[in-house]
Engineer: 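Before we start, here is the structure in question, set down as structure tokens.
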Amino acid sequence: MLDVKLLRSDPDFVRDALHRRGGAELAGVVDQVLAHDERRRAAITEADALKAERNEASRTVGEIKRAGGDAEELIRRTRAVGEQIAELDRRVSATDEAISSLLLSTPNLPDPAVPQGGEEANQVIRSWGDPVRHPFPALPHWELGERLGLLDLPRGAKISGSGFPVLRGRGARLQRVLIDWMLDLHTTEHGYEELRVPYLVTRESLVGTGQLPKFEEESYLAERDDLWLIPTAEVPVTNLHRDELLGPEDLPLRYTAYSPCFRREAGAAGKDTRGLLRVHQFDKVELVRFERPERSADALEELTAEAESVLQKLGLAYRVLRLASGDLGFSARMTYDLEVWAPGVERWLEVSSCSTFGDFQARRANIRFRPAGGEKPAFVHTLNGSALALPRLMVALLETYQEADGSVTLPEVLRERVGTARLEP
RNA sequence: GGAGGGGUGGCAGAACGGCUAUUGCACCGGUCUUGAAAACCGGCGUCCGAAAGGACUUGUGGGUUCGAAUCCCACCCCCUCCGCCA
């Protein structure tokens with residue numbers, strides 16, 4: 001959520017930043033909010049004066065009664081003031097609601113370093129490894145998966161519909177091993193605390209991180225209990241500290257969590273329907289950081305490097321993109337996408353999105369810290385990134401390490417855990 | 001699911017219709033001190049306001065009242081016991 005004070009003090013700056021992100025219509029919320037804000041403050045000023053009057057009168061009533069006098073006349077007049085106050089209070093809450101409903105649906109402002117434009121303006125800022133070109137006809141992962149008995153898409157579809165893959169045998173084990181190995185990497189080498197979190201969350205939690213109220217159609221809802229399936233572990237992990245005031249010594253906080261992720265992919269019907277490229281349920285290991293504001297820029301670089309280290313250790317070629325303003329997620333201030341090369345489908349696949357949110361989520365979720373003893377509380381900065389998302393990682397792994405005979409040779413780091421060096425039919 | 005108890009500031013914990021939340025701990029500033037500790041003084045939630053000042057804040061939302069932490073209603077959460085259960 002944007003700070004109303006910022007809109008008030010520098011409306012041109014906010015208008016301009018929102019314009020870069022979503023055009024003139026989006027920039028228009030600034031003036032709408034400011035109009036409500038002005039009405040709101042006028043009503044508060046008026047109501048506060050009447051409340052002061054009422055408090056004074058009530059105090060007097062108490063004194064008169066204690067002295068054994070008759071306060072009827074004063075009570076009657078004060079009752080009328082009470083009605084005026086109620087009317088003004090209604091106006092305050094109406095404008096309040098109008099403002100928060102506008103702001104809850106307004107995305108974060110892009111960082112100045114973010115390139116302007118849509119997807120086509122994303123910048124490749126670095127790459128690692130050489131994209132593999134096999135000297136034989138490379139198979140896509142769904143064929144490899146089927147031949148090697150790792151993947152059973154038809155049965156997944158039978159159970160739950162398309163987009164719900166079944167992994168089996170070595171495939172299931174490989175995925176479990178990758179999760180385990182990544183968690184170990186982040187806890188032992190990167191200083192993260194491992195969390196195991198709920199996969200169903202309240203509406204409030206989704207509002208806290210920014211998925212709601214705007215993207216309701218993207219989430220699954222268990223209506224009977226009004227609980228939502230998480231689209232990412234970011235939601236429960238970030239909300240871990242919702243409505244908390246952290247001490248000066250508490251930051252930074254670094255958490256890693258495995259979770260399944262549930263996404264309706266409502267806007268992507270018909271896109272990437274084959275194999276594991278886009279599914280409704282997938283596994284992911286997530287990194288989440290709570291940082292002091294002055295640390296958040298460096299923290300994003302660190303977090304991105306930590307996600308990259310997974311691909312490096314697996315020997316998979318990837319590139320890092322800085323997303324353009326129009327391609328940023330709702331809550332993000334700046335995002336690096338990691339795209340891994342998949343030689344079977346001959347595409348770069350997004351396996352990680354590392355973002356800083358500034359104080360945007362902290363404001364929505366009310367996560368504050370005390371900068372130093374005695375100082376006023378301030379909002380923390382939150383960051384997160386996938387490290388990594390499993391399906392596309394599996395895709396890149398299988399397609400990259402496939403052999404001419406259809407088998408797959410596993411990278412060294414996984415062999416012991418999987419219990420074999422080669423996946424064969 | 002049933003019965004009972006309870007949610008008050010960063011933490012602990014009083015007040016149970018009116019003098020507008022007593023107090024302790026922690027933390028910050030000051031005085032004192034060579035320095036520290038102790039002691040003492042002040043501060044330590046949000047909003048409106050340029051300021052003076054004012055308003056709000058006792059889980060959340062309603063209601064009663066001139067006035068609600070306190071009374072009433074609904075909901076949420078925590079604890080204890082019972083039932084069910086991986």
Side-chain angles (χ1 to χ4, degrees), chain A residues 1-10 33-101 103-104 196-208 212 222-228 236 239-251 253 260 290 292 359 362-380:
Chain A
M1 187 143 73
L2 302 181
D3 186 359
V4 181
K5 283 187 207 133
L6 180 63
L7 268 72
R8 222 146 53 198
S9 64
D10 203 347
V33 169
L34 288 179
H36 287 298
D37 182 53
E38 206 162 308
R39 270 171 53 83
R40 176 177 174 275
R41 288 190 295 160
I44 287 177
T45 304
E46 204 178 329
D48 279 2
L50 290 174
K51 283 176 184 173
E53 188 183 325
R54 181 180 64 184
N55 289 345
E56 172 64 32
S58 291
R59 214 170 298 148
T60 309
V61 168
E63 281 164 23
I64 292 173
K65 289 204 166 175
R66 229 170 298 121
D70 175 16
E72 274 316 304
E73 169 62 19
L74 185 54
I75 288 175
R76 221 188 54 252
R77 272 188 289 147
T78 309
R79 195 176 296 148
V81 173
E83 281 158 25
Q84 281 177 271
I85 290 172
E87 171 58 33
L88 285 163
D89 277 348
R90 273 193 292 277
R91 202 191 302 170
V92 172
S93 38
T95 50
D96 255 346
E97 272 169 45
I99 291 168
S100 58
S101 123
L103 287 184
L104 284 174
R196 200 78 181 183
V197 292
Y199 306 146
L200 287 166
V201 297
T202 60
R203 161 175 284 273
E204 209 180 355
S205 292
L206 282 159
V207 170
L212 290 181
E223 211 163 344
R224 186 188 297 275
D225 297 292
D226 199 28
L227 288 171
W228 302 67
N239 278 280
L240 191 72
H241 294 295
R242 172 149 50 87
D243 292 323
E244 287 186 21
L245 176 53
L246 303 165
E249 68 293 340
D250 290 332
L251 295 179
L253 288 165
F290 298 76
R292 288 172 172 263
D359 63 5
R363 219 174 264 288
R364 295 169 79 100
N366 188 30
I367 307 167
R368 298 171 302 158
F369 76 107
R370 214 178 276 285
E375 279 184 45
K376 290 193 81 167
F379 290 107
V380 303

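So you know, we letter chains A, B, ... as the sequences are listed, proteins then strands, and number each from 1. Note that the coordinates shown come from a computational prediction; the quantities given were computed from them, not determined experimentally.
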Engineer: Using the P atom on both, measure B/U60 against B/C76 and round to a whole Å.
Structural biologist: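 Result for the P pair: 15 Å, nearest Å.
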
Engineer: Return the value, rounded to whole Å, for the distance between atom CZ of A/F369 and atom C1' of B/C44.
Structural biologist: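 Atom CZ in A/F369 sits about 17 Å away from atom C1' in B/C44.
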
Engineer: For the side chain of A/R364 and the backbone of A/L104, is there at least one donor-acceptor N/O pair under 3.5 Å apart?
Structural biologist: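 A pair under 3.5 Å: yes.
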
Engineer: Does a sphere of radius 6.0 Å around CZ in A/R41 hold more than 12 heavy atoms from other residues, nucleotides or ligands, not counting ones at 6.0 Å or beyond?
Structural biologist: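 Buried by this count: over 12 neighbours within 6.0 Å.
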
Engineer: To the nearest Å, give me how far apart CG (A/D3) and C1' (B/U46) are.
Structural biologist: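 Distance check: A/D3 CG to B/U46 C1' gives 14 Å.
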
Engineer: Between B/A21 and B/A68, how far is it from one P atom to the other, in whole Å?
Structural biologist: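 It comes out at 14 Å once rounded to the nearest Å.
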
Engineer: Need the pair for B/G9. Rule: Watson-Crick or G-U wobble, both distances under 3.5 Å, any strand; none if unpaired.
Structural biologist: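 Paired with B/G9, as far as the under-3.5 Å criterion goes, is no nucleotide at all.
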
Engineer: How many Å lie between CZ on A/R76 and P on B/G67, as a whole number?
Structural biologist: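 Taking CZ of A/R76 and P of B/G67, I get 15 Å after rounding.
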
Engineer: Can you tell me, in whole Å, how much space there is between the C1' of B/U46 and that of B/G9?
Structural biologist: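 Comparing C1' positions in B/U46 and B/G9 gives a spacing of 12 Å.
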
Engineer: Find the distance A/R203:CZ to B/C77:C1' and express it as a whole number of Å.
Structural biologist: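 Atom CZ in A/R203 sits about 19 Å away from atom C1' in B/C77.
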
Engineer: Within the 4.0 Å heavy-atom criterion, would you say A/R8 contacts the bases, only the backbone, or no part of the nucleic acid?
Structural biologist: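 A/R8: backbone/sugar contact only, no base atoms under 4.0 Å.
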
Engineer: Suppose we define a pair by two distances each less than 3.5 Å, Watson-Crick or G-U wobble; what does B/G42 pair with here?
Structural biologist: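 By the stated definition (distances under 3.5 Å), B/C28 pairs with B/G42.
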
Engineer: Could you tell me which residues satisfy side-chain hydrogen bond (donor to acceptor under 3.5 Å, both in side chains) with A/D359, sequence neighbours excluded, listed by chain and number?
Structural biologist: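 By the side-chain hydrogen bond (donor to acceptor under 3.5 Å, both in side chains) rule, A/D359 matches A/R363.
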
Engineer: Base, backbone or nothing for each nucleotide of nucleotides 51-57 of chain B, written B, S, -, heavy atoms under 4.0 angstrom, 5' to 3'?
Structural biologist: ---BSS-

Engineer: Taking only the C1' atom of each, what is the distance from B/G45 to B/C41 in whole angstrom?
Structural biologist: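 It comes out at 23 Å once rounded to the nearest Å.
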
Engineer: Determine the interatomic distance between P on B/G29 and the same-named atom on B/G35; round to the nearest Å.
Structural biologist: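 That atom pair is separated by 16 Å.
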
Engineer: Pick base, sugar-phosphate or nothing for A/S58, based on heavy-atom distances below 4.0 Å to the nucleic acid.
Structural biologist: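 Touches a base.
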
Engineer: Please give, in whole Å, the distance from B/U46 P to A/D96 CG?
Structural biologist: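 Atom CG in A/D96 sits about 17 Å away from atom P in B/U46.
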
Engineer: Between A/D3 (side chain only) and A/K5 (backbone N and O only), is there a donor and an acceptor less than 3.5 Å apart?
Structural biologist: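 Checked: pair present.
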
Engineer: Tell me which nucleotide, if any, is Watson-Crick or G-U wobble paired with B/A50 when both distances must be under 3.5 Å.
Structural biologist: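 No nucleotide pairs with B/A50.
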
Engineer: Rounded to the nearest angstrom, tell me the gap between atom CG in A/D89 and atom C1' in B/G61.
Structural biologist: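 Taking atom C1' of B/G61 as the reference, CG of A/D89 is at 15 Å.
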
Engineer: With rounding to the closest Å, how many angstrom separate the C1' atoms on B/C77 and B/U65?
Structural biologist: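 Straight-line distance between the two C1' atoms is 29 Å.
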
Engineer: C1' atom, B/A14 versus B/A69: distance in rounded Å?
Structural biologist: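 Here B/A14 and B/A69 have their C1' atoms 12 Å from each other.
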
Engineer: Nearest nucleotide by nearest heavy atom, which residue falls closer to the 5' end of RNA chain B, A/R41 or A/L245?
Structural biologist: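 Looking at the nearest nucleotide for each, A/L245 comes out on the 5' side.
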
Engineer: Please report the distance, rounded to the nearest Å, between CD in A/Q84 and P in B/C66.
Structural biologist: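 For the pair A/Q84 CD and B/C66 P, the rounded distance is 16 Å.
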
Engineer: Residues in side-chain hydrogen bond (donor to acceptor under 3.5 Å, both in side chains) with A/E87, at least two apart?
Structural biologist: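 Here the qualifying residues are A/R90.
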
Engineer: May I ask you to decide whether A/R292 forms a salt bridge with A/D250, counting only side-chain N to carboxylate O separations under 4.0 Å?
Structural biologist: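 Here A/R292 does not pair with A/D250 in a salt bridge, since their nearest N and O are not under 4.0 Å apart.
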
Engineer: Starting at the 5' end of RNA chain B, which residue's closest nucleotide do you reach first, A/R368 or A/I75?
Structural biologist: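 Mapping each residue to its closest nucleotide by heavy atoms, the 5'-most match is A/R368.
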
Engineer: Would you mind checking if A/R79 and A/E83 are paired as a salt bridge, meaning a charged N to carboxylate O distance below 4.0 Å?
Structural biologist: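 Answer for the salt bridge query: no.
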
Engineer: Taking the P atom in each of B/A12 and B/C79, what is the distance between them to the nearest angstrom?
Structural biologist: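 My reading of the P atoms in B/A12 and B/C79 gives 15 Å.
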
Engineer: Looking at A/V201, is its backbone amide N or carbonyl O close enough to the side chain of A/S205 to form a donor-acceptor pair, meaning the two atoms are under 3.5 Å apart?
Structural biologist: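 The answer is no, because no donor-acceptor pair under 3.5 Å joins these two groups.
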
Engineer: Could you tell me how far apart A/R370 (CZ) and B/C11 (C1') are, to the nearest whole angstrom?
Structural biologist: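 In whole Å, B/C11 C1' lies 12 Å from A/R370 CZ.
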
Engineer: Now, which nucleotide makes the Watson-Crick or G-U wobble pair with B/A3, with each of the two distances under 3.5 Å?
Structural biologist: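 In the structure as shown, B/A3 has B/U80 as its Watson-Crick or wobble partner.
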
